[in-house]
Amino acid sequence: MHDLRWLRDDPGAFDRALARRGLPPAAASILAVDSERRALETTLQERQAERNRLSREIGEAKRTGADASALLARVAELKDEVKAGEERLRELQARLESLLASHPNRLADDVPDGPDASANRVVRVVGTPRRFAFEPKPHEVLGARLGMSLERAAKLSGARFVVLSGQLARLERALAAFMLDLQTKEHGYREVSVPLLVRDEALFGTGQLPKFAEDLFRVSSGHWLIPTAEVPLTNLVAGEILAEADLPLRFTACTPCFRSEAGAAGKDTKGMLRQHQFWKVELVSVTTPETSAAEHERMTKCAEECLKRLELPYRVVLLCSGDTGFASAKTYDLEVWLPGQGVYREISSCSNCTDFQARRMQARYRPAAGGSPRFVHTLNGSGLAVGRTLIAVLENFQEEDGSVRLPGALVPYMDGVDRLEPED
RNA sequence: GGAGGGAUGGCCGAGCGGUCUAAGGCGCACGCCUGGAGAGCGUGUUGGGGGCAACUCCUCGCGGGUUCGAAUCCCGCUCCCUCCGCCA
């Protein structure tokens, strides 16, 4: 959702922002609807004022017992005109809102331009990939001997699901608990347990609807399964006017995430890298406009801390214009090193959505200095994707015999177990 | 799922066809008072639009309707509460 006033003041900037995303200009067509709306509103308003005045006079006449028939006749003429005008105004308003809602967020100035992921910029590389004395195996090979079954998952649910059992099920839970503890105890995030089924409005608020319905699962009641806890966590402030003193709000939740990913067919078909269902610890911040950029850096650091403590090598990537998501103004991806694949893979995505989502969900705050409510800024990041973290642990800490040594940070969460052993 | 009751400004709450430009209270802001703070007193305080402006329109959960005129009456929807049913 965009600020109409900004668009009016500088339509060229709006179109340039679209161009950075590889989209055709749209300012002129939006402004055409806007000026039609404003012209109509001005004339309609005169009729409404007239009607209100006459109605007051009728009330006065009735009270004093005077003859009101002349007034009634005049107001009767206005009635249809006002009604038609109101109807037309509603249509224009709806069209305008849907136009404003269908364009992606404006990118931050420091986002590099580029058509796709190839133009993303590596910001920093942290940790050194381990030197293996043997050929490191991919996680699906390691997992097969540790309690991971894609075959059994297929029996239950089809492709792109996984069954983890025994020590791997336990490891998944340990990772989630470790991440939640880190974010709540050390980084000040408030843990929230949220619904996994949400209504249309929530998904509109964060920007998944109406454009990306095909990426989502929908159930027979009409609810949608959340694709990320960003949706319920961010919508927590929908429709509210917060006090500036309450900001920033920082929320975290560990939830399953459900993605139909229709467009991903054929990619990452091996193992559990790309699933219809996976656990993720999500971070969401709600801030003032002045502090969101700093909060974005902070949030990214909070997510990175997980990787550091798990001793996993990673790099931070600033997404380019063509790779940045619909609602985001600026996104850092955290990519973890996967020796089994020999690549860095996304394990977290931290986005500053500025006021884009706040406008869609009418989330505002009252400035401490006084004045009208302003839209908050919203940010979200993974802290981290649990399934992919599990993959990263298996691949980075594997031994030649198929066992996996566990990073020290996880041992307390595993009841002292510091090694996964093949079960065969 | 069934039957009732409800939704009013940042919060609580009155209001049941025109005087609502929404009582009253709380909170908040500013001022007076005070050595300072508190109490007290006074003033202000829903939000969103249009218009160069004067000014004006919309906004009482959301959407329709009735009426010259709707917070108030009618219909639909959403959510909350109570009871019943079902249920981990």
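Note that these values count all heavy atoms, side chains included, but never hydrogens, waters or copies made by symmetry. Note on naming: letters A, B, ... go to the chains in the order of the sequence lines (proteins, then strands), and numbering restarts at 1 for each one. Predicted model only: the values in this text are computed from it and were never measured.
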(request) Look through every strand shown and name the nucleotide pairing with A70(B) as Watson-Crick or G-U wobble, where both distances are under 3.5 Å. (result) none
(request) Give a yes-or-no answer on whether the side chains of Glu421(A) and Gln167(A) include a donor-acceptor pair shorter than 3.5 Å. (result) no
(request) Give a yes/no answer on whether the side chain of Arg366(A) brings an N or O atom under 4.0 Å of OP1 or OP2 in G47(B). (result) yes
(message) Give me the distance, rounded to whole Å, that separates G76(B) from A3(B) when you measure between the P atoms they each carry.
(response) 12 Å
(request) Find the partner of G17(B): check Watson-Crick (N1-N3 plus N6-O4 or O6-N4) and G-U wobble (N1-O2, O6-N3) distances, both under 3.5 Å, and reply none if neither fits. (result) none
(request) Please check if any side-chain donor atom of Thr378(A) sits under 3.5 Å from a side-chain acceptor atom of Gln357(A), or the reverse. (result) yes
(message) Pairing donors with acceptors under 3.5 angstrom, does anything connect the side chains of Thr184(A) and Glu191(A)?
(response) no
(request) Would you mind reading off the distance between Gln48(A) atom CD and G51(B) atom P, rounded to a whole angstrom? (result) 15 Å
(request) Would you please confirm or rule out a distance under 4.0 Å between OP1 or OP2 of G49(B) and any side-chain N or O of Arg5(A)? (result) yes
(request) Respond yes when some side-chain nitrogen or oxygen of Lys83(A) is under 4.0 Å from OP1 or OP2 of U66(B), and no when none is. (result) yes
(message) Between G17(B) and A71(B), how far apart are the two C1' atoms, rounded to whole Å?
(response) 11 Å
(request) Identify the heavy atoms of His139(A) and Leu273(A) that sit nearest to each other, and give their distance. (result) NE2-N, 4.1 Å
(message) With nearest nucleotide decided by heavy atoms, which residue, Arg364(A) or Glu50(A), maps closer to the 5′ end of RNA chain B?
(response) Arg364(A)
(request) Using a heavy-atom cut-off of under 4.0 Å over every strand shown, decide if Ala49(A) touches base, sugar-phosphate, or nothing. (result) sugar-phosphate
(request) Find the distance Gln93(A):CD to G49(B):P and express it as a whole number of Å. (result) 10 Å
(request) Rounded off to whole Å, could you give me the CZ-to-C1' distance for the Arg47(A) and G50(B) pair? (result) 15 Å
(request) Using Watson-Crick or G-U wobble geometry with both distances below 3.5 Å, tell me the partner of G61(B), or none. (result) C77(B)
(message) Going by purine N1 to pyrimidine N3 plus the second Watson-Crick contact, or the G-U wobble pair, all under 3.5 Å, which nucleotide sits opposite G9(B)?
(response) none
(request) Return the nucleotide paired to G1(B): Watson-Crick means purine N1 to pyrimidine N3 with N6-O4 or O6-N4, wobble means G-U with N1-O2 and O6-N3, both under 3.5 Å. (result) C84(B)
(message) With rounding to the closest Å, how many angstrom separate the C1' atoms on G5(B) and G44(B)?
(response) 37 Å
(request) Provide the distance between the two P atoms, one in C68(B) and one in C83(B), to the nearest whole Å. (result) 45 Å
(request) Considering only atom C1', compute the distance from G13(B) to U67(B) and round it to an integer number of Å. (result) 29 Å
(message) If we check side chain to side chain donor-acceptor pair (under 3.5 Å) with Ser351(A), which of these qualifies: Thr324(A), Thr331(A), Thr300(A)?
(response) Thr331(A)
Could you go through nucleotides 17-23 of chain B and list every protein N or O atom that sits under 3.5 Å from one of its N or O atoms, giving the distance for each pair?
| from | atom 1 | to | atom 2 | distance (Å) |
| --- | --- | --- | --- | --- |
| G18(B) | N2 | Ser55(A) | O | 2.6 |

(request) Sort out the partner of C32(B) for me: Watson-Crick or G-U wobble, both distances under 3.5 Å, none otherwise. (result) G40(B)
(request) Looking only at side-chain atoms of Arg37(A), point me to the closest of G49(B), U78(B), G47(B). (result) G49(B)
(request) Just name whichever nucleotide pairs with G27(B), Watson-Crick or G-U, keeping both distances under 3.5 Å, else none. (result) U45(B)
(request) Calculate the interatomic distance between Lys79(A) atom NZ and U66(B) atom C1'; express it in whole Å. (result) 8 Å
(request) Would you verify whether the NZ or CZ of Arg173(A) falls within 45 degrees of the ring axis of Tyr413(A) while also being under 6.0 Å from that six-membered ring's centre? (result) no
(request) Could you check which of C79(B), C68(B), G50(B) has an atom nearest any side-chain atom of Arg199(A)? (result) C79(B)
(request) Specify the separation, in whole Å, of atom CG of Leu44(A) and atom C1' of G51(B). (result) 14 Å
(request) Send over the distance from Gln362(A) CD to G61(B) P, rounded to a whole Å. (result) 17 Å
(message) Counting only side-chain nitrogens and oxygens, does Arg90(A) get under 4.0 Å of the OP1 or OP2 atom of C58(B)?
(response) no
(request) Please state the P separation for the pair A70(B) and U21(B) - nearest whole angstrom. (result) 11 Å
(request) State which of C79(B), G50(B), G47(B) makes the closest approach to the side chain of Glu41(A). (result) G50(B)
(message) Judged by each residue's nearest nucleotide on RNA chain B, which is more toward the 5′ side, Arg8(A) or Arg51(A)?
(response) Arg8(A)
(message) Between G38(B) and G27(B), how many Å separate the two P atoms, rounded to a whole number?
(response) 12 Å
(message) From C-beta outward on Gln45(A), which listed nucleotide comes closest to its side chain: G48(B), G50(B), C68(B)?
(response) G50(B)
(request) May I ask you to decide whether Asp200(A) forms a salt bridge with Arg218(A), counting only side-chain N to carboxylate O separations under 4.0 Å? (result) yes
(request) Would you indicate which nucleotide in G51(B), C68(B), C57(B) comes nearest to any side-chain atom of Thr42(A)? (result) G51(B)
(message) Output the rounded distance in Å from CG (Asn52(A)) to C1' (C58(B)).
(response) 10 Å
(request) Could you give the distance separating C20(B) and G15(B) at their P atoms, to the nearest angstrom? (result) 15 Å
(request) Indicate whether any N or O donor in one side chain lies under 3.5 Å from an N or O acceptor in the other, for Asn105(A) and Thr354(A). (result) yes
(request) Measure the distance from CG on Leu89(A) to P on U59(B) and round it to the nearest whole Å. (result) 12 Å
(request) Might you point out which heavy atoms bring Leu54(A) and Leu71(A) nearest each other, and give the distance in Å? (result) CD2-CD2, 3.7 Å
(request) Kindly indicate whether the side chain of Glu36(A), heavy atoms from C-beta on, has any atom under 4.5 Å from the side chain of Arg88(A). (result) yes
